[in-house]
Amino acid sequence: MARVRMLARPRGFGVLGILLALLLGSVAPGQAQDSEGPTGTLSGRVIDAESGAPLQDATVALWDRTDNDSTLVTGTVTGPEGRFALEDVPLDAYTLRISFVGYDTRRFPNTRTVQAEGEGDLGTIRLARKTARQQEVEVTADRPAARMETDRNVYNTSDRALSAGGSARSVLEDLPSIRLDLDGSISFRGNESVSLYINGEPASLQGQSLVSYLESLSAEAVKRVEVIPNPSAKYEPEGMAGIINIVLRRDLEAKWNGGVTLGVRRTANNRYGGNGSANVGFQGGGWRFVGTYSYRREGEEDSESRLVEQFNGDGPSSWVDQSGFEEELDRSHSFRTDVDYNVTESTSLSLETSLSLRRSGESGRSEYREYVGSEPIPDNLTDRYVRILDNTSSDKTIDGRLDVSHDFSENHTLSAQVRYDRDFEAEDGTYTVYGIENGTRLPSPRDREVDIVNEDEQDGSLEVDYSRLLGAFSLETGYKGTLRRLDSDQTYEDRTTVFTFDELIHAAYGTLSRGFGDFQLEAGLRAETVSTTFDLSSEDAITNSSYVSLYPSAFLTYKPNQKRQVRLSYSKRVDRPGLWDINPIEDNENPTFQERGNPGLDPEYIHSFELSMTRRWGIGSVSVTPYLRHTVNEIEEVRFEEEINGRTVIVRQAQNLSTSTSYGTELVTTFNMADRLEGTISGNFYRSVTDGSNLTTDLSQDALLFSGRANLQTKLRDGLQLELSQYYRPARDIPPQGRIDRFTSTEVALQQKLFGGDGSLTLRVDDLLNNTQMNMWYRDQNLYQESTMQWGSREFSLTFQYNFGSGSSNDRGGRGRRDYR
């Protein structure tokens, strides 16, 4: 208990200390209680009765031996090979119940736990697929919505009503502690330095391109999402807040399988949209194929108002009062294919390809009033004008990867991957400026600005991974080489900016792990050499940089049984500046406010410590994770003034701050009550201390912050499900002086199963309370600003889904190069 007292000492951790003490207290007494009297084990393997393929994530529940299985003793889910083990169970007779979606549930009454090692193995248990729907009530167990594993939290999203008709972006936004901002940044526990993976591989897209891809990918294509808060050295070190891995549906039962989705939506502003997707798959004869197509059409209206006062010493201030709105219409197509072939029992090949096409049209109107004086009143008005926006953009993305994997034995594997991605973006905008006199727009334009931007990003990589047993140790090692290139140009009025960015990374890693009874120890080290070249050819400026970095990691896990787990971890990570952070191309959408990249940014390095404690019961689980992160060269956005074309413009640009330290705790609770009410409730409490004294304007800050999310699902009757999701973030201060108001979002969905469960009809309401609005004020030595943004509005959608074929995507059969859990 000494560790609990130490963790509870920092200011603001009184409640945390109580939580930790309660949780650890529940571990210790529970363990003592379990030790009263002899205990035994039960184990076995669950497979498909027809194909013999292992069934991963099948539910294994042990009940008191009563007529109605009324009391749950313990439970688990099967692993990748269909195996399960129930340990430390008091010697007695029970009813064992094994169930899996799409299969008949099997019950084994009078099943006894066995104390002798090896004698509690029940062998192979075969589950038969459902062939007909019976008239009587059928009791089955669905996959849990969330589960805690050794190094990650896993959220099964494929059966959620809120996912129906949505996109991969909406799936992420409904998960605990995860937020997606309008500019494409993803945050976890309030930190935006997160790495996004797709099927165990880093996503090459960034910023708005990544958002566009997630929006074009239908939610039905997402099987589950895995959150890895503190990854080991075998993972790429980007992302101080960890890794979010989106696992797409890919493996199918034998023969043909597929599904279709059709949806329509309407916003509170009478903007209409729709979506449609179809997938088809085949598996047999060593082959596995999945093809997916989706289409989305979305309309959105955003509004913004901003009042800026620019100080002029003892002289009169300059004021800009801006208000406007924008309408946007997006259309996107997404194609994806997965082809796997088992060359032999031990060797497999896999080819994945994807193509995403997006076109967007944007129109808007912003009115400006400029004043000089002590306050913005009509007598101080100096100019009034309106700026009309007409913008079109397109985005084309291709992605291909080829994998080969060979198993020398069960714990001895070699795999390799070659990957290539390319993303083309083009934007053509026209800004027409008209003067306003006596409240009437003048017929002739005052000015017309043309802004043309083109970007071509290419990524290529070669990766080799090797793992095997070395006596009592498990070894994982590998190499990855990555080459990234960005060619970009912008023509704004008579000025052209051209630049090229190249980055070459060579990385090698090694990890060793070993078990010691109830403890598991892992240590690893990753070494990287990085070379970058930034060529701003339009200004004859070339910047070269190279550096070597080491990234150690260490993990200690204590798991006395299936219900309790404690994990202590450390890792060093890096957040390299994103392309949108270093891109010097200017955003000219607003003549008084501009965003610009900073080619001179240095990477920030993060030392991350976590203590994760999980306690499971028959109806749910509680996970408490206190954490600490210390960051060097913290990257933050800074505002300053600059004279551009005779006008004083506020520029927002990323800069390196000295250090930042944040510590707090995340609490995640999952529950499932009698198969009627299921949900996840999470909260993140943390303190953030930033030292920004190295900049001209001191951005040092000390803040206590919080965010929370709740997701509830309930079965109103057989086949009818209601789901509610709520997110809340309170108001917070911003340095040196400023504040952002609270933010809250509510979503609700009602889903009715059709055609014996093969189809569904879902009614969903996004932003139920119509309050996705952000209010902010900010002050420094040069200016004062207050602004209000309203993006989107309440949206209604109706979605029909239908799956056909011999079964659903359940990851059965076949082999994968990556451990997707």
Side-chain angles (χ1 to χ4, degrees), residues 163 165-173 180 182-186 195-223 225 244-250 260-261 263 273-281 289-300 328-339 351-362 391-402 419-428 453-461 484-488 578-580:
S163 299
S167 64
R169 173 178 179 168
S170 62
V171 170
L172 289 183
E173 289 181 321
L180 269 76
L182 294 178
D183 61 358
S185 58
I186 303 174
S195 291
L196 183 71
Y197 281 47
I198 298 176
N199 281 349
E201 298 292 339
S204 60
L205 301 178
Q206 299 178 9
Q208 189 58 46
S209 298
L210 177 59
V211 172
S212 299
Y213 174 74
L214 294 177
E215 289 177 343
S216 67
L217 192 65
S218 67
E220 290 73 34
V222 180
K223 181 182 180 184
V225 178
I244 299 174
N245 182 33
I246 300 176
V247 180
L248 302 179
R249 303 168 72 111
R250 53 177 298 179
V260 293
T261 299
N275 64 283
S277 66
N279 64 84
V280 63
F289 168 82
V290 179
T292 303
Y293 164 76
S294 63
Y295 170 77
R296 297 184 66 81
R297 183 185 188 275
E298 292 186 311
E300 187 175 281
E328 185 174 1
L329 176 62
D330 285 333
R331 290 180 290 268
S332 63
H333 302 264
S334 179
F335 307 85
R336 184 180 182 88
T337 63
D338 296 337
V339 180
L351 176 64
E352 298 182 17
T353 61
S354 65
L355 172 64
S356 177
L357 307 173
R358 181 185 66 88
R359 293 190 61 84
S360 176
E362 185 179 5
N391 183 80
T392 59
S393 62
S394 63
D395 191 347
K396 303 174 184 178
T397 303
I398 58 174
D399 182 354
R401 65 185 75 179
L402 176 65
R419 178 178 179 178
Y420 176 75
D421 306 308
R422 193 163 190 175
D423 179 39
F424 303 88
E425 291 186 58
E427 186 172 351
D428 189 345
V453 180
N454 295 286
E455 290 186 356
D456 180 5
E457 182 184 351
Q458 301 181 68
D459 292 83
S461 65
R484 178 172 60 164
R485 181 182 179 89
L486 174 66
D487 294 288
S488 183
L579 294 178
W580 62 91

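Closest approach of Phe289 and Val339 over heavy atoms only: CD1-CG2, 3.5 Å. Heavy-atom minimum distance, Arg296 versus Asn275: NH1-CB, 3.8 Å.
Ser393 and Glu362 are not linked by any side-chain donor-acceptor pair at a separation below 3.5 angstrom, with hydrogens and angles left out of the test.
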Exercise for review: List the steps, then state whether side chain to side chain contact (heavy atoms under 4.5 Å, CB included) holds for Arg419 with Asp399.
Suggested key: CA-CA 8 Å; Arg419 178 178 179 178; Asp399 182 354; 3.3 Å; yes
**Study point:** From CA spacing to verdict: side chain to side chain contact (heavy atoms under 4.5 Å, CB included), Arg359, Leu329
**Key:** CA-CA 8 Å; Arg359 293 190 61 84; Leu329 176 62; over 6 Å; no
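Here the straight-line distance linking atom OG of Ser356 with atom CZ of Phe335 works out to 9.5 Å at 0.5 Å rounding. Rounding to the nearest 0.5 angstrom, the gap separating the CG atom in Leu486 from the CD atom in Gln458 is 10.0 Å. Here the CZ atom belonging to Arg336 is positioned 5.0 Å from the CD atom belonging to Glu352, to the nearest 0.5 angstrom. With values rounded to the nearest 0.5 angstrom, Leu357 atom CG is found 10.5 Å from Ile398 atom CD1. Distance check: Arg297 CZ to Ser332 OG gives 11.5 Å after rounding to the nearest 0.5 Å. Atom OH of Tyr295 is separated from atom CZ of Arg331 by 6.0 Å, given to the nearest 0.5 angstrom.
For the pair Arg358/Asp330, a side-chain contact is recorded, criterion being any heavy-atom separation below 4.5 Å from C-beta on. Thr397 places none of its side-chain heavy atoms less than 4.5 Å from the side chain of Asp421. Side-chain contact between Leu172 and Leu196 is present, with at least one heavy-atom pair separated by less than 4.5 Å.
A salt bridge between Arg485 and Asp456 is absent, with no side-chain N of the basic residue lying under 4.0 Å from a carboxylate O of the acidic one.
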